[in-house]
Amino acid sequence: MEEHKTLLALFEDLDPTAAAIERLRKLGIPDDQMNVISGIPVTEAMLGRPRQWSNVPRLALGGSLGGFLVGAFLAFGAPLLYPIHVGGQALIPIPPSIVVLFELTMLGMLVSTFIGVFLDSYFPSYRPKEYLPEISDGKIGILFQCPQQKQAQIVLALKKLGAESVAPAEARQL
Amino acid sequence: MSNPLEEVGHKWGMVIDQDLCTGCQACVTACAMENNIAFVGEQDAAYGRSLQWIRVERFWEGEFPEVKSTPFQPVLCQQCGQAPCEPVCPVYASVHSENQQINIQVYNRCVGTRYCANNCPYQARVFNWRDYREPGPLDNALNPDVTVRRRGIMEKCTFCVQRIVQGEDTARAEGRQMADGEVVPACAQACPTEAIVFGRLDDPDSLVSRLKRDGRAVQLLEELGTQPSVTYLKGGSSYGRNG
Amino acid sequence: MTEKLSRRDFLKLTAAGAGATAVLTGCGPASRYVVRSPYAEMPEYTYNGQSTFYATTCRECPAGCGIVVRTHQGRALKIEGNPSHPVNLGKTCSRGQAALQGLYNPDRVEAPQALAAGDRQEIDWDRAIRVVREALIGNRPEEIAFLLGPSPDHLYDLVSEIMRSLGGPAPLCYGTQALFEARATLVQATAQVLNRTALPFCDLGGSDVAFSFGANFLETWLSPLAYGRGFARMRRGQVGRRGFLVQFEPRLSQTGAAADEWIAVAPGTEGLVALALGRLVAEARGGLVPAAYREVDVATAAEASGVPEGTLTRLAGIFANAEHPLAVPGGAALGHVNGLEAARAVLTLNALAGNLGQPGGVFLTPVPNVHPDSRRGPDTLVEINALIGRMRSGQVKALFVHGINPAFELPAALGFTAALENVPQIISFASFPDETALLADYIFPDHTPLESWGYQKVRTGSDRAALSGAQPVVVPFHNTRATVDVLLAAIQAAGGDLAAGVPYSDEVDFLQQSLLTLVQEAGNIAAPEIRTFMTQFQQYGGWWAAEAGLDAPSTPAPLERPLRLIEPEFAGEGEFHLHVYPSPILGDGAGANRPWLQETPDPMTTVMWNTWVEINPETADELGLEDNDVVRVASDFGAIEAPVYRYPAIRRDTIAIPFGQGHTALGRYADGRGANPVALLGLKLTGAGDLAFAATRVRLEKTGRTSILARLESRIGVYGEGLE
Amino acid sequence: MAATAKPIAPATHEEHAESRQHLMLDPRPRGEMNAMVMESMHTTSWKFWGIAFLLGIVVLVCLFLAWGYMISEGLGVAGVNRPAYWGIFLVNTVFWIGISHAGTFVSALLRVFKAEFRRPFTRAAELMTTFGLIQAGLSIFMHMGRVWLSYWLAPYPNARGLWPNFHSPLAWDFLAINTYLLASTMYLFLPLIPDLAMARDRSTGWRKVVYRVLALGFRGTEGEWAHLRTAMNIFAFAILPVMFSVHTIVAWDFAAASRPGWSSTIFGPYFVVGALHSGVAAVAMVLVVVRGTMKNMKYFIRAEHFDAIGKLMLVISMGWAYFFFNDYLVQWYGGDHWTHTLLAWHESGPLAWIWGLMLVCNVAVPWFLLWNRKIRSRPGWMFVIGLLINVGMWCERYVIIPISLTINRMPFTWQSYRPGIEIVLGIGTLAFFILLYMLASRLVPLVPVWEVQEGQMAHSLRKFGRKTVVSVSELE
C-alpha cells in the first residue's frame, strides 16, 4: 500500500476552492478522500462536490413516528390502565387526543432531528482533529489525502490556484 | 375489573325548597362542623376566601318601601352529571364517583391549579389559600371520617359522602335496601324547615324524586347542560296560591 | 382527682354505629358513676372506629332543644338534633351546631381562680368551696344575691331552694336574649289577655295567614326551631293553601325576608296597626265592631304608622278571609313604652279571629311538674335595677353570677359595672373569661353545657309538656366543676339547718330527687322507679308527655274592654330611631367566642366577624355615607363606632345595629371585635317594667374613617357597584 | 462569486445603499466581524457588573425568597380569591409565553420566508424565547397551590398508578410548553454551534474550555454543515406549528372554560397574534438595549432593522386589533346577559382604565407612530413603543384573567382582585429574565456571524438601466 498523507489547503475564496477541487480530482484524488471545511455553509453544488448524504430527515421521520406512538399510548392507552370518567366525556375523547398526538409527534420529530445532527456528525467529539482556526475567519480549507509521492506536485498545483497555504494537516486539540 | 361496590350504586340528589328556606344559616354551620371546614378569619373572609361549602344567597328587588329580598337560595356543589370541573383537572383530582353519581374531589391528588374552580359555573368550590389550622383544643372536634385539608387544595361539598358510604355499608351488612331518608347530609339534617331534602334520584318513589317532579322545580343555570343533582323549588310569594 | 370529680357519671346511652335513630336503642341500666380514668383506658362501651351518641339539651339559648352528640373515643364531634324531642324534632340551628366550639374553646377558664388587681391566680376547689360556704353563711341572707342567666333550670331551681332555705331573696334571672324577645312584657300581656302568666304558643303551622308584629321567630325569638317548623308547615299549606306571612317591623328582619310581605311600620306604632287592622277586620266581617275597637281610628293609625290606609284595608281583607288567621306579637314591637299595650292589641286580634285554642291559633304550653314552686322569671329590668341599687348602696355583700354576663349584656346606662365596686365579694361561675367574670373576685368555672347535667323546662315550642334533659357527653375537659356540686358541697360543709334544708348529696342526686314527681306521669318514659327512669331520661334526652296536647286559653272576654295605646315616647334626642336586634347567629353575645359562629354570615347582611350599622341607602346618600364608612352612633347615654352597611330594607328614620359583638373580654375570637349597642340604650320602660329597648333615639356622625366589613355577598354582584 | 464580499456600494450609489442598509451592504471581512463579536462579548464595565449584581439581589429577594415565603405560607399571601382564582401569576405566564414567541417567530418564520433582514438578530430573539419560557414556567409553578407536587402533571404513572388527565387543557399545556421549551432550546443551540466553534478558536482560559465543550468538536466540514442545515430547515418548519400550538393551547385554557367572555372560538389565533405583538415589540426593545450598550453592535443592528421590525409591529398591531374587534363584536352582538355584563365591567368598571390602556398601547400607539419611517428608524422611539405595546399586552392579559374572572354567572360571589405578592414575584421574573439575558450576552455570541456573512455573500447590487437595485441570491 502506498503511504498516504493528509494535507490541508487553505483558500481565501470560493472560486479558487472550486478550481482546486477540480484540479485535485484530476490529479487523482477521489472525492471521498477530500473534505471541505468552511466557516460558512458552502453548498456542495457551489464547489462541484458530490451531495452529502444526511440521515437527519429519516431520523426526523422515525422520531415523529415514535412520538406519534407515544402520543397514541398516552391518549388511547393510559386511560385504559386506570379508567376514570370525567365530566360526562368519553373515556377516550377524540379531540383532546388529537392535541396530544400532535404535540408528541412534533416533540419526537424535533428531538430526533436534534439527535440526528449529533449522530450524523459524530457530536460530541473532542479528539484532536485536523483544523485551522483561520477557517472560522472565513477561509475555506480542503482536507485531502494524497499519496506521498504526489505531495509536491499537488502542493505546487494548489499554490498556483491561489492556496494561501498547503501543509500537512496536524491533528490538534480544537 | 368489576367493582363490588357497583352493585349498590345509587344516584343521590337534593331538592331545596326556596319557599321554605328561611336563610337561617344552620346548614352553613352544620356543614362546617361535619366536614372539618376551617374558619379563615375576618380579613380573608372579607376577601372572598371563606371556606364554606354552602352559602345562602339572597338579592334585593325594588326600592324602599316596596323592597324585598329574593327568596333565600342555598348554593352548594350541584354535583353535576356532566361536571365542567372534572375534565379540566390535569391530575384527576376532580372526578365522578360511579357509585354515588356525585362529583368528588380527591384531596391528595390535588396540586392546586384551581382550574376546576374557574370552570365551575356555580362558584361552588373553595380553595385553601393558607393553612387555616384550628388552634387546640378546638381540633378535638374534628370529624375523623373527613380529611383535614392543608394549604393549596381545592375542596367543595361532597354530599357528606362519608355518611353515604357508611349508610350503604350498614345497609349492605344488614342485607337490606336503604330506606329513604336513612342517609342525610349535615345540611339537610340541620335544616329547621326541612327545605333541604336529600335522597336517591334513582328511586322514583323517594321524596326527592317526587319533589323533583314539582311544577316549581328548576335547576341552576340549566341552560349550561351540566345536569345538576340539586333541584330548586322556586320560592316567591303570592297570596292564596294553591300549595 | 379523687373525690367528687371521680364520681362524674357517664352513662352509656347507645353504642350503635350510626344515625340519630340509634339513640333509642341499645341501652341498658348502666352503673350510675363511672370513674374518670386515663384516656388510654377506654370505657368498655367505646369501640374503636365506632361513635357513641348521647342525648342532651342545647343550652345556647333557653328554648331547650334536644340534641344528640356524636362522640368518638371520648371526644365530642358533632351535634345533631334529637329526632324524638318535641321542641325541635331533630333539627338544629347554627348556634347549636357551634356549641362544640364552646366546649373546646381555647380560651376557657380551666380551673378555679382568685382575681386580685388584674392578677388571676389558680386555686384549688377545696378553697373555692370554702369561699362559697363563707359567702353563704358568713353574710346575712338578704345580703346574698344570685344573678342567673336563662338556663339551666335545674340550677335555678336549686338556687331558689337554697335561698328559700336561707331566707334570702329569690335569684334573679335575666339576659339580653329574654330582653330582645320582650319576654317579660309578653308574659304579662298574656296574663292580662289570656289569663295565665306564661308564654303563648302561636300555632303557625296550622294557620294559613299569619301577621307577625315584630316577632323575629325564625331567628332568636322564644323557640326558633319550633317556629321554623311551624313556618314550614304553614308554607307547605297544611290547610290546602300555601300559608301567607306578613311581617310588620321597621327593619326587614330575616323573618321578614322569609315572609311574603313586609310592612315598614314606624317604630312604636305596631300596636296601633294591630288595632287598626282589628277594626278593619271586624268591619270586613260585618256585624258589630267589638268594644275593643270602637275607639280605634284607622286614618290616625295609618298616618302615624306610615302604612297607607289602602294597604291596611287590603291586609285586613286577607286576614278576615283567612280560615286560620294568626297574629304573633314579639320582639321590637314590644320594646316600646307602649309595648305591653301593643302585645295586648296583637293578642286581642287573635281573640277577634277566634283562634284561641284552635288549630292555627294561640295556645298555652303546660309546664312539666318539676319544682312547681320555683316560679322562674322572667324578671324585668325594674328588678335588675333594684338589685343594682342594692349593690350600689352596699346592701349586697356577696353576688353570685352564673349564665349571664351583665357587664356586657345590661344597658350601660344602668351602671352595673360601677355598682359592682360596692360589692365586697363577687363570685362568677363563668366557663369563659367574660367581662363580668374578669370583674369578679373569684371565678369558679362551671362545666360547659356539654359536660353538664341538668334539665330545662320547655316553656313554649313543643306540642306537649316537656322537660329537656341534659347529661355530660364527654369527660370534663378542664378542672372545672358543676356549680350545683359546688353549692351543694359548700352547703354540706356549712352543715346545720341549711344542709338539712337542701338535702342533696350531689348534682345527680338533686336531679333524681327533682324528677321523682315525673316517674308516675304518663310520658315517653315508662319506668317503675327513679333509677330506671333516670336512665331512660338520659337516653331519650328528657321527659315529655305521652300525648300531644296544649292548653287552650280561658279568656276573660278580651274583646269587651276598649283597647287604647299610649303615645310612643323615646329616650334621648336624635334624628334616628335605634333598632337593636339580637344577631341571629351570635344570639346574646355568648356565641361571639365561637369562631365558626363569627364566620357564619349574618342571614341578611352576610357580614361576618364584626358589627355594622344598617342605614337606608337614600338616607346614607343624604349623609354622604358609603358602605364601610365608620360612623359614630351617639345617643344621650353613650356612643359607639361601627362601619355603615347600606341596607335597602329599613325605614329612612331608623338605623339598626345587631347585638352580640363588642366584647372586651371572652377570649381571642370575641375580644375587641365590633361594638356593643347596649351602650346606646336609654332606660324607658314598657308597661311590664322591662326595658323599652327599641325606644332610643340616636344621632349619626361621620368619622371619616373606613373599615372593610367582611361580607360574603358581593357588593358588585348584589348592589351593582361599578357596573353602572 | 466571492466568499468575502467586497464593498459593492460605490459612493455614487450611497442613497440606494442606505435604503437597504439592513442587508448590510458594507460587508467587512469575516475575521473583523468575528473580532467585533468577540470584543462585544468580552467587554464589561463596572456598570454592567453593578446592574448584574443589583438584578441578582432582586432575583434572590423578589423571586426566590418571596416564592419560598409564599410556598410556606400558602397562596393567601397573593391576591387570588374567589372568584378570581387565577391572577397575575397566569397573567405573567401568558405574557412570558408571548415574549417567547418572538424568538421563534423572528427566527423561524423569517427564515422560512427568507426575510433577509432577520440575519443579525435571530440569535438575540431566540435567546428571548428560551429565557422567556423559563419565566413562564416559573410563573406557572408559582400559581400552583402545591407546587412541590407539580411533577404529578408529567405523563408517567404516579405513586397511585395514575396517569395525567389528557382531557384537561392544562395537561395539553404541560406537553406543549415542554415541547416548545425543548424545541426552542434545541433550535437556539443548532445555529449556535458554528459560532461557538468560532468563539472557541478565539478564546483562552476557562472560556476556551466552555466553548470547546459546547462546540462539540465542530469544524465546519461539509457533512457537519449539511446535517446542520437540514436540521435547521426541519426545525424552522416544524417549530412554527409548535409555537402556534403553544399559545393556542394557552388560549384554550380560557376558551375551553365555560365562562362568560372566555368561551370564544377566536381565542386561539387572537392569543397567537397577541403573543407576537408583545414578542416582536420586546425584540425591538432588546435590540435597542443591545445596540446601545454592547460594543460594535451598531454595525450589526442598524436603524433599518428597526424600520423593518417597526413595519412588522404595525402589521401585527393591525392583526391584533382585527382579532380583538372580531371577538368583541361577536360577544357584544350574540353574547348572553353575563357576557354583556362582563363587557360593561371591562369598559366602565373600576378597572376600565386598564382596558383603555390596553387599547391605547396596543392599537393607538402603533397606528399613530409606526406609519412614520423616521420614528420606526429611531431606536429610542422604538424602545418606547415596544415598552408601551408590552404594557398594553400585559393589560390585555390582566383584563382577560383577573378582571374577567370577577364576573361570572353567580353574581353573589363577584369580587374584585387585588394583587399581593404577585407584584413582587412578577418583578422577580422580569429581573431574572434581564439577568439571564445580560449574562448570556457575555457568554454567547449574540450575532450569528456565519449567518451574517452568508447573507452578505448573497446580496449584490445590480443595474437595471440607470437604476441600481439590491439583488438577493438564493444560496441553496
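Lettering follows sequence order; numbering is per chain, from 1.
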Q.
With a 6.0 Å cut-off (strictly less than), is the heavy-atom count around CD of B:E222, excluding the residue itself, greater than 12?
A. yes
Q: Give a yes or no on this: more than 12 heavy atoms of other residues, nucleotides or ligands lie within 6.0 Å of atom CZ of A:R51.
A: no
Q.
Please report the interatomic distance CD(A:Q89) to CD(B:E86), rounded to the nearest 0.5 Å.
A. 9.0 Å
Q.
Looking at B:Y107, I want to see if its OH is surrounded by more than 12 non-hydrogen atoms of other residues, nucleotides or ligands under 6.0 Å.
A. yes
Q: Under 4.5 Å heavy-atom distance to chain A, tell me which part of B:T226 shows up: side chain, backbone, both or neither.
A: neither
Q: Would you mind telling me which of B:S97, B:A83, B:G81, B:P87 has the largest number of heavy-atom pairs within less than 4.5 Å of chain A?
A: B:P87
Q. According to the ring-ring contact (aromatic ring centres under 6.0 Å, His included) rule, which pairs have a member within residues 17-54 of chain A, sequence neighbours left out?
A. none
Q.
To the closest 0.5 Å, what do you measure between CD1 (A:I84) and NE2 (B:H96)?
A. 13.0 Å
